[in-house]
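Sequence lines set the chain letters: A, B, ... in the order given, protein chains first and strands last, and positions in each chain run from 1.
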Protein chains: 2
Amino acid sequence: MTTDTTPDLPLEEARTRILNAAQTLFAAHGFNATTTKAIAEAAGVPSGLIFYYFPSKKALLTTILRERNMLIELSTVVEMLLVSDPRTALLTLAAHYMEALRQHRELTAILLREFRSHREIADQFHALREEHIVLITSYVQKLLKGKCNAPEQYMQAMARTFLYNLIVIGIIEDPPEPHRFIEEMVDILLGGFAINA
Amino acid sequence: MTTDTTPDLPLEEARTRILNAAQTLFAAHGFNATTTKAIAEAAGVPSGLIFYYFPSKKALLTTILRERNMLIELSTVVEMLLVSDPRTALLTLAAHYMEALRQHRELTAILLREFRSHREIADQFHALREEHIVLITSYVQKLLKGKCNAPEQYMQAMARTFLYNLIVIGIIEDPPEPHRFIEEMVDILLGGFAINA
DNA sequence: GTCTATATGATGATAGAC
DNA sequence: GTCTATCATCATATAGAC
């Protein structure tokens, strides 16, 4: 931060290494299946040191989710996304969301895995979901103002469909190239099947 | 099964009670957080009896998912669903899927929780997902034959959107009255926002 | 701040009586 | 088939040297 010749990457602190290791292992094997010993090994620290920085194993979990709250940056991204046509706008928004989901895929995986066991995590998970539904809904409303006469209720339903599809595709299905999936989803959301029946 | 005066409900076998208890606890707290002692207590059997019926705790998990494979009945339901207009058809199909998901919500929760840890479960989970995408896709194709000129690729994308939304809404969001959500989703899938831009 | 050794408790699984 | 008692192991967390 001050007069170091080398950047902070090699001087990574033990606390950070512990959090990183815990995050990876919690996402891969789950909270209960991950031992503090395994975390210490992956972090390259002795197992006792974990309990110098954190009072308990569970504190590791809550700290990860508190300090590394994902998707904050998306709020500001959405502000800037006032592109011309709706299709391009939705494609861009979806790509940003997919990018954020994948960059924080470990955090998302932890939320999806553990929200049934720990009430605080469930609260955080559902609050986050709600927050983003609101964010996407208001964006879609601005985007389609005057161009679409659907009631507000459907704007929200569209936001749900948008978000839930991205989550399942990005975190569970996890294809190497999600571009095609995003494009298909956006086209369905915009035009549906335009049934003539 | 033969000359009993009472039906088989009160004569429920210990093995079944153990499986039921394990299923509920695995779904609620996860595999690793559930102890065999807790399963035995919930089932009303001594803890040793579990290992008379099952060689290990993990065998309990795989047995549950093997013997209670959900959604089999949906295949036959889909066969019968050749209703007139597409909207009614999709609403009915969605309602059936939601019903099945909720009736087997514990199994679905277990799949969602554990598929990252156990390869057999991951395989089963993704196979099941693929199977239902195919099922829904072929149904949608029959349904919209001649009424819609969308390429086959989009039929499959629609099936994905359909299924993934139902899963997230039914298993994660879990609202008391999902009817409204189903209706909104179907309308979006059929008509989208019909942008005039 | 870092590391070693260990206490304490719980867990999956077994042995064997009934 | 059912139940009790118990083993062996391993996990979280602590004590305390450096």
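Position along DNA chain C of the nearest nucleotide to B:Thr34 versus A:Gly44 favours A:Gly44 as the more 5'-ward residue.
Residue B:His126 places its NE2 atom among more than 12 non-hydrogen atoms of other residues, nucleotides or ligands, all under 6.0 Å distant.
Counting any heavy atom pair closer than 4.0 Å across all strands shown, A:Phe54 reaches no nucleic acid atom.
In this structure, CZ of B:Phe51 is placed 18 Å from P of D:dT6, rounded to the nearest angstrom. Distance NZ (B:Lys57) to P (D:dC10): 15 Å, rounded to an integer number of Å. Rounding to whole angstrom units, NZ of residue B:Lys37 and P of D:dA5 are separated by 13 Å. Distance, A:Glu41 CD to D:dA11 P: 10 Å, rounded to whole Å. Here D:dA11 presents its C1' atom at 12 Å from CD1 of A:Ile39, a figure rounded to the nearest Å. When rounded to the nearest whole Å, the span between CG of B:Leu49 and P of D:dT4 equals 11 Å.
Side-chain contact annotation: A:Asn165 with A:Arg160, donor-acceptor N/O pair under 3.5 Å absent. There is a side-chain donor-acceptor pair under 3.5 Å between A:Glu106 and A:Thr24.
Using a 4.0 Å cut-off between charged nitrogen and carboxylate oxygen, B:Arg87 and B:Glu183 count as a salt-bridge pair.
Along DNA chain C, the stretch of nucleotides lying under 4.0 Å from any heavy atom of chain B spans, 5' to 3', C:dT11 to C:dT14.
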Could you go through the side-chain hydrogen bond (donor to acceptor under 3.5 Å, both in side chains) check for A:Thr108 and A:Arg113 one step at a time? CA-CA 9 Å; A:Thr108 317; A:Arg113 264 193 105 116; over 6 Å; no

Intermediate values then yes/no, salt bridge (Lys or Arg N to Asp or Glu O under 4.0 Å), B:Glu13 and B:Arg17:
CA-CA 6 Å; B:Glu13 281 170 19; B:Arg17 289 214 309 282; over 6 Å; no

